[in-house]
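To keep things clear, I will list the structure first and then write my remarks on it.
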Amino acid sequence: MALDDRWFTEINADNGAAFSLQIKEKLHEEQTPYQRISIYETTHFGTLMTIDDLYMVSDRENFLYHEMMSHPALFTHDDPKDVLIIGGGDCGTLREVLRHPGVRRAQQVEIDARVTRLAEKYFPELCASNNDPRAELHFVDGIKWVKDAQPESYDLIVIDSTDPVGPAEGLFTEAFHRDCLRILRPGGIFIQQSESPLYHMKLIASLYGALRRAGYSDVQSLQFPQAIYPSGWWSATMAGKGRDLTKFRETAVRNKVFDTVYYNAEIHRAALAMPEFFRKQVKG
Ligand code: SAM
């Protein structure tokens, strides 16, 4: 909802909060079979995409989210080769995954092709790896993809989805988590964007329960700043198939062959630290 012609505002009614970005103009808007996608030119955050009037991605801050949704899990896994991304239509997570030379295939399964087509036009730098021979872009429901996938066919599954409503609701259920566990190889890792620790702690605690009941051996969350998402404090929750998620390949991080803007070994370690309220609500 725009306050007036010069501001885009996302209202978080459940928390009596709102966050606004000053805009120059609306560049595009369309209703797809799944959602309404809007593109704005902002005064200070570059280009902005919203879906159903919720912030998705902007030029200025997306590095935080895309780096933290990919590198910690990839550097926790011993040797990730086959990666599945559910959602991720803006392609920023795909680009980060493909920075890892050991990854031999990254399949992105996004339900709404229009998100990617608009990202290719308005966020070309996020789509820089879309033509990498290791990349595969599929435009179907991720829930069905996972249900139909072969057992033990992936090393890492990234759920880069919208909030748990509408088409993304089914991505936060125990049944879906069980399906993901089945198609992960031993030592595999699942990671899901898990909303705000400040605003959505109940959801995060229930996600821990669902992942534990689904049979994952370890569940750990990463916390990081996210300027345009509700509260500005975000999380991603990892679940391991027979692997301790508190240990990661620190030397490999220090010797990584690509640049990052936010992620490094210290950030990785710090992101795993649990605030006291968080620890109390998720302890087994
Ligand atoms: N970074 C954003 C965030 O955290 O809100 C999300 C990135 S991306 C834009 C989220 C994508 O998830 C959307 O493009 C949406 O179409 C996709 N999505 C939602 N439900 C899905 C499903 N069941 N299968 C595949 N993609 C889905």
Side-chain angles (χ1 to χ4, degrees), residues 10 12 19 28 30-40 45 47-70 84-97 107-123 126-127 130 136-149 157-173 175-177 179-180 191-197 199-200 203-204 207 221-237 262:
E10 177 182 323
N12 191 278
F19 178 70
H28 179 84
E30 70 179 73
Q31 179 65 43
T32 78
Y34 301 97
Q35 48 215 350
R36 191 171 73 250
I37 310 168
S38 310
I39 310 284
Y40 298 90
F45 275 65
T47 309
L48 166 70
M49 178 190 284
T50 66
I51 289 183
D52 290 340
D53 284 340
L54 300 175
Y55 288 111
M56 281 298 126
V57 61
S58 81
D59 285 332
R60 183 171 180 184
E61 47 61 54
N62 74 76
F63 66 91
L64 293 160
Y65 177 86
H66 291 131
E67 290 184 16
M68 293 307 286
M69 284 298 293
S70 50
L84 173 62
I85 300 168
I86 304 293
D90 51 64
C91 302
T93 300
L94 177 67
R95 183 188 65 175
E96 294 305 315
V97 165
Q107 294 177 306
Q108 179 169 287
V109 178
E110 161 61 59
I111 199 167
D112 191 344
R114 291 300 300 155
V115 175
T116 298
R117 297 299 166 239
L118 290 169
E120 288 166 345
K121 177 174 181 186
Y122 292 104
F123 297 90
L126 293 185
C127 300
N130 286 17
E136 288 178 23
L137 273 64
H138 302 273
F139 298 108
V140 292
D141 188 336
I143 297 168
K144 182 170 180 342
W145 181 277
V146 164
K147 203 175 283 305
D148 296 345
I157 299 174
V158 182
I159 313 299
D160 178 5
S161 77
T162 38
D163 301 330
V165 290
E169 193 171 357
L171 302 173
F172 290 77
T173 62
F176 176 73
H177 294 140
D179 271 336
C180 289
I191 182 167
Q192 176 159 33
Q193 77 87 359
S194 49
E195 308 282 312
S196 163
Y199 286 174
H200 306 116
L203 176 131
I204 296 171
L207 182 59
S221 289
L222 300 159
Q223 321 230 351
F224 51 95
Q226 234 305 6
I228 64 172
Y229 292 172
S231 82
W233 178 3
W234 217 247
S235 72
T237 296
Y262 183 72

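Order of listing sets the numbers, starting from 1, for every ligand and every atom in it.
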Worksheet item: So, Q192 side chain and L171 main chain: donor-acceptor pair closer than 3.5 Å or not?
Response: yes
Practice prompt. Step through it carefully: locate the ring centre of Y65, locate the ring centre of Y229, and say whether they are under 6.0 Å apart.
Written response: yes
Worksheet entry | Intermediate values then yes/no, side-chain hydrogen bond (donor to acceptor under 3.5 Å, both in side chains), S194 and S235 | CA-CA 5 Å; S194 49; S235 72; 2.6 Å; yes
Item to complete: Please report which non-hydrogen protein atom sits nearest to atom 24 (N) of ligand 1, along with the residue it belongs to and the distance in Å to one decimal place.
Response: G142 N, 2.9 Å
Worksheet entry | ligand 1 contact by W234, heavy-atom criterion under 4.0 angstrom | no
Worksheet item: Knowing that exactly one of T116, D141, L94 qualifies, which makes a side chain to side chain contact (heavy atoms under 4.5 Å, CB included) with E110?
Response: T116
Worksheet item: Any side-chain heavy atom of I85 within less than 4.5 Å of one from M69?
Response: no
Fill in: atom 2 (C) of ligand 1 [closest protein heavy-atom partner, distance rounded to 0.1 Å]
Y229 OH, 3.1 Å
Discussion item. Pairs of nitrogen or oxygen atoms closer than 3.5 Å, one from D112 and one from ligand 1: do any exist?
Written reply: no
Item to complete: Examine distances only and state if a side-chain atom of E195 and a backbone atom of P197 form a donor-acceptor pair shorter than 3.5 Å.
Response: no
Response to the item:
One finds that the ligand 1 atoms under 4.0 Å from a non-hydrogen atom of G89 are 8 (S)
Worksheet item: Where does the angle between the aromatic ring planes of Y262 and F63 fall among parallel (under 30°), tilted (30 to 60°) and perpendicular (over 60°)?
Response: tilted
Practice prompt. Answer yes or no: is there a donor N or O on one side and an acceptor on the other, between the side chain of D59 and the main chain of F45, under 3.5 Å?
Written response: no
Worksheet item: Purely on distance, is any nitrogen or oxygen of Y65 under 3.5 Å from one on ligand 1?
Response: yes
Worksheet item: Counting each atom of ligand 1 from 1 as listed, which ones have a heavy atom of A168 under 4.0 Å away?
Response: 19 (C), 20 (N)
Fill in: Distance from atom 11 (C) of ligand 1 to nearest protein heavy atom, with residue and atom
E110 OE1, 3.4 Å
Worksheet item: With distance as the sole test, does D90 use its side chain to make a donor-acceptor pair with the main-chain N or O of G92 at under 3.5 Å?
Response: yes
Practice prompt. Report yes if the side chains of N130 and Q108 come closer than 4.5 Å at any heavy-atom pair, otherwise no.
Written response: no
Item to complete: Would you mind telling me if ligand 1 is within reach of the side chain of M49, the backbone, both or neither, using heavy atoms under 4.0 Å?
Response: neither
Worksheet item: Of all the atoms in ligand 1, which lie at a distance below 4.0 Å from a heavy atom belonging to V109?
Response: 25 (C), 26 (N)
Fill in: Heteroatom distance test (I111, ligand 1): nitrogen or oxygen, under 3.5 angstrom
yes
Worksheet item: So between I143, D160, D141, whose heavy atom ends up nearest atom 22 (C) of ligand 1?
Response: D141
Discussion item. With a heavy-atom distance limit of 4.0 Å, tell me whether V115 approaches ligand 1 through its side chain, its backbone, both, or neither.
Written reply: side chain
Discussion item. Tell me whether the rings of Y122 and H28 are parallel (<30°), tilted (30 to 60°) or perpendicular (>60°).
Written reply: tilted
Worksheet item: ligand 1 versus Y34, non-hydrogen atoms closer than 4.0 Å: side chain, backbone, both, neither?
Response: neither
Worksheet item: Any idea which protein heavy atom is nearest atom 19 (C) of ligand 1, and the distance to it?
Response: T162 OG1, 3.3 Å
Worksheet item: Taking distance alone, with no angle check, do Q35 and ligand 1 share an N/O pair under 3.5 Å?
Response: yes
Worksheet, complete the sentence: D90 heavy atoms within 4.0 Å reach ligand 1 at atoms 7 (C), 8 (S), 9 (C)
